[in-house]
Protein chains: 2
Amino acid sequence: MKNNATRDKLIDSGAQLISQQGYNATGINAVLKTCGVPKGSFYHYFSSKEDFGLAVIERFANRYDETLVALLEDSDTPPLERLRRYFAAGREHMHECDHATGCLIGNLGQELSGQSDTFRDALNLVFQRWEQRFVHCLKDAQAQGDIAIHTTPEALASFILTGWEGAILRAKTLKSVEPMVHFETILFQQVLVPSP
Amino acid sequence: MKNNATRDKLIDSGAQLISQQGYNATGINAVLKTCGVPKGSFYHYFSSKEDFGLAVIERFANRYDETLVALLEDSDTPPLERLRRYFAAGREHMHECDHATGCLIGNLGQELSGQSDTFRDALNLVFQRWEQRFVHCLKDAQAQGDIAIHTTPEALASFILTGWEGAILRAKTLKSVEPMVHFETILFQQVLVPSP
DNA sequence: AAAGCAATAGACTGACTGGTCTACTTTAAG
DNA sequence: CTTAAAGTAGACCAGTCAGTCTATTGCTTT
């Protein structure tokens, strides 16, 4: 059986370093140093750095999906309020990391999707899963008459995800959540509105 | 005086490689190889890789600003039509680079703004310049009664820039301009509309 | 023609990269 | 108790990294 303790330590340290510095800028030795694991163990659990990177993505995506479900599929809360909470959580995270980390998947998507098709596919799947969560929430909002959807729920979900990711990117370079606030304001004021 | 020919070759090759692979993944030797310049010349014109990277950003920003002015401040064209053309040009570029390159400033913003404050400042200034171009165009549209601005032109410009950058990122991972189309559609359908 | 500087040229350096290799220790099964 | 496998440990490898160094070329100014 797999001893998950060491493996998990590697993935956690890796996720942290890669979030901060990016994939290419993060060396395996740096990961080993921060969690005190020798190199022999690393290549016992992972066949290569790419393999390791994919494991980091998978772990992050799975954990994040849990919080996403908790926020966006909470049937006790009105759909638009769920979205509000999702954005608030994102803003809070941005503060916590001092506007430096942002979104791991977004970061890696930017850095690696032109570099490796394997990574691009993996990241694309994560994004698609997220979009589906949005679609579900938007359909709920539509069903309850809270919003009118002039295109398709899928297109609107894409709009929200891309807009949010872009706002996170801009917040990093600006070191301020202001772009995230602007996005949210205009989104709720003009896009997520009921039919007139 | 500066011999600009060699320096320009270095910057152009660098911009191309960095666009494709990112900053950290692009080695100086690779740049030298693609344009047949010896290392002595590189360190004659640039004091370090960071200095070189900043020159690449500056060159790209200046060139891009020209096309931005040509598109967004063309007073012969209605403001919203100018925006349409801007988006169309972005989509075309995305096709040309096979959905791999995207936006150099966005890429570097993602990769470097957590890594170096010098880079972050430089990239932030470029984004701010772009936003000002949008602000100008949006004010024109407002003055002509084409759109109603419920927040401020600055907030709306931020919204458009971040949404567009996010759509480019998503287009890269999806290898399709679909997210860019969705963004444009919903933007013109629900955000850039006249007062009712 | 001589001097001086801008620019070219590329061998070289120490540090670091991802990855391999062998040796050792621990755990579990028969 | 024996044995095999899982996991730990880190020295080591070839290659690459950004950056330095010295030597040489070419042009300009005197």
Side-chain angles (χ1 to χ4, degrees), chain A residues 1-59 107-108 111-112 114-119 122, chain B residues 1-59 107-108 111-112 114-119 122:
Chain A
M1 268 273 72
K2 286 177 182 176
N3 172 4
N4 284 334
T6 305
R7 195 182 130 97
D8 286 359
K9 266 203 290 184
L10 285 166
I11 294 181
D12 285 339
S13 299
Q16 201 184 333
L17 288 175
I18 292 174
S19 289
Q20 288 165 7
Q21 314 173 328
Y23 176 80
N24 287 308
T26 300
I28 290 172
N29 286 319
V31 176
L32 301 176
K33 207 173 170 184
T34 60
C35 61
V37 168
K39 191 166 267 192
S41 297
F42 182 93
Y43 282 97
H44 176 73
Y45 293 109
F46 308 102
S47 64
S48 66
K49 190 187 180 184
E50 177 170 291
D51 185 32
F52 175 63
L54 292 170
V56 168
I57 291 170
E58 191 192 344
R59 162 79 65 91
N107 295 355
L108 294 180
E111 185 180 359
L112 300 175
Q115 203 170 120
S116 147
D117 274 342
T118 312
F119 273 115
Chain B
M1 267 277 71
K2 285 177 181 175
N3 172 4
N4 285 335
T6 304
R7 195 183 130 97
D8 287 0
K9 265 203 292 183
L10 285 166
I11 294 181
D12 285 341
S13 299
Q16 201 184 333
L17 288 175
I18 292 175
S19 288
Q20 287 165 8
Q21 313 171 328
Y23 176 80
N24 287 308
T26 300
I28 289 172
N29 285 319
V31 176
L32 301 176
K33 206 173 173 182
T34 60
C35 61
V37 168
K39 190 164 269 194
S41 297
F42 182 92
Y43 281 96
H44 176 73
Y45 293 109
F46 308 102
S47 64
S48 66
K49 191 187 179 184
E50 177 170 289
D51 185 33
F52 176 64
L54 292 170
V56 168
I57 291 171
E58 191 191 345
R59 161 78 66 91
N107 295 354
L108 294 181
E111 185 180 0
L112 300 175
Q115 202 169 124
S116 146
D117 274 343
T118 313
F119 273 116

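These numbers come from the heavy atoms of this one structure, side chains and all, not from hydrogens, waters or symmetry mates. From a predicted model like this one, the values you see are computed outputs, not experimental measurements. Every chain is numbered from 1, with letters handed out A, B, ... down the list of sequences.
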**Q** Mind running a 4.0 Å heavy-atom check of residues 27-44 of chain B against DNA chain C and sending the residues that fall below it, in number order?
**A** B:P38, B:K39, B:G40, B:S41, B:H44

**Q** For B:D8 and C:dA7, give me the distance from atom CG to atom P, rounded to whole Å.
**A** 12 Å

**Q** Can you tell if the side chain of B:Y45 reaches within under 4.5 Å of the side chain of B:I11, non-hydrogen atoms only?
**A** no

**Q** With a 3.5 Å distance limit and no angle check, can you tell me whether B:S13 reaches the backbone of B:L10 through a side-chain donor-acceptor pair?
**A** no

**Q** If you count heavy atoms of other groups shown closer than 6.0 angstrom to CD of A:Q20, is the number above 12?
**A** yes

**Q** Nearest whole angstrom, please: distance from the P of D:dG19 to the OH of B:Y45.
**A** 19 Å

**Q** So do the side chains of B:V31 and B:V37 get within less than 4.5 Å of each other, counting heavy atoms only?
**A** no

**Q** Please evaluate residues B:T34 and B:Q16 with respect to the criterion side chain to side chain contact (heavy atoms under 4.5 Å, CB included), reporting the C-alpha separation (whole Å), side-chain torsions for both, the decisive distance (0.1 Å), and the verdict.
**A** CA-CA 10 Å; B:T34 60; B:Q16 201 184 333; over 6 Å; no

**Q** Give the rounded distance in Å between these two atoms: CG of A:N24 and C1' of D:dT16.
**A** 14 Å

**Q** Is A:E111 reaching over with its side chain to a backbone N or O of A:Y23, donor-acceptor style, under 3.5 angstrom?
**A** yes

**Q** Does A:S47 reach a base, just sugar-phosphate, or nothing at all? Heavy atoms under 4.0 Å.
**A** nothing

**Q** Establish, with yes or no, whether the OP1 or OP2 oxygen of D:dA18 is under 4.0 angstrom from a side-chain nitrogen or oxygen of B:S48.
**A** no

**Q** Would you mind reading off the distance between B:L10 atom CG and D:dA18 atom P, rounded to a whole angstrom?
**A** 14 Å

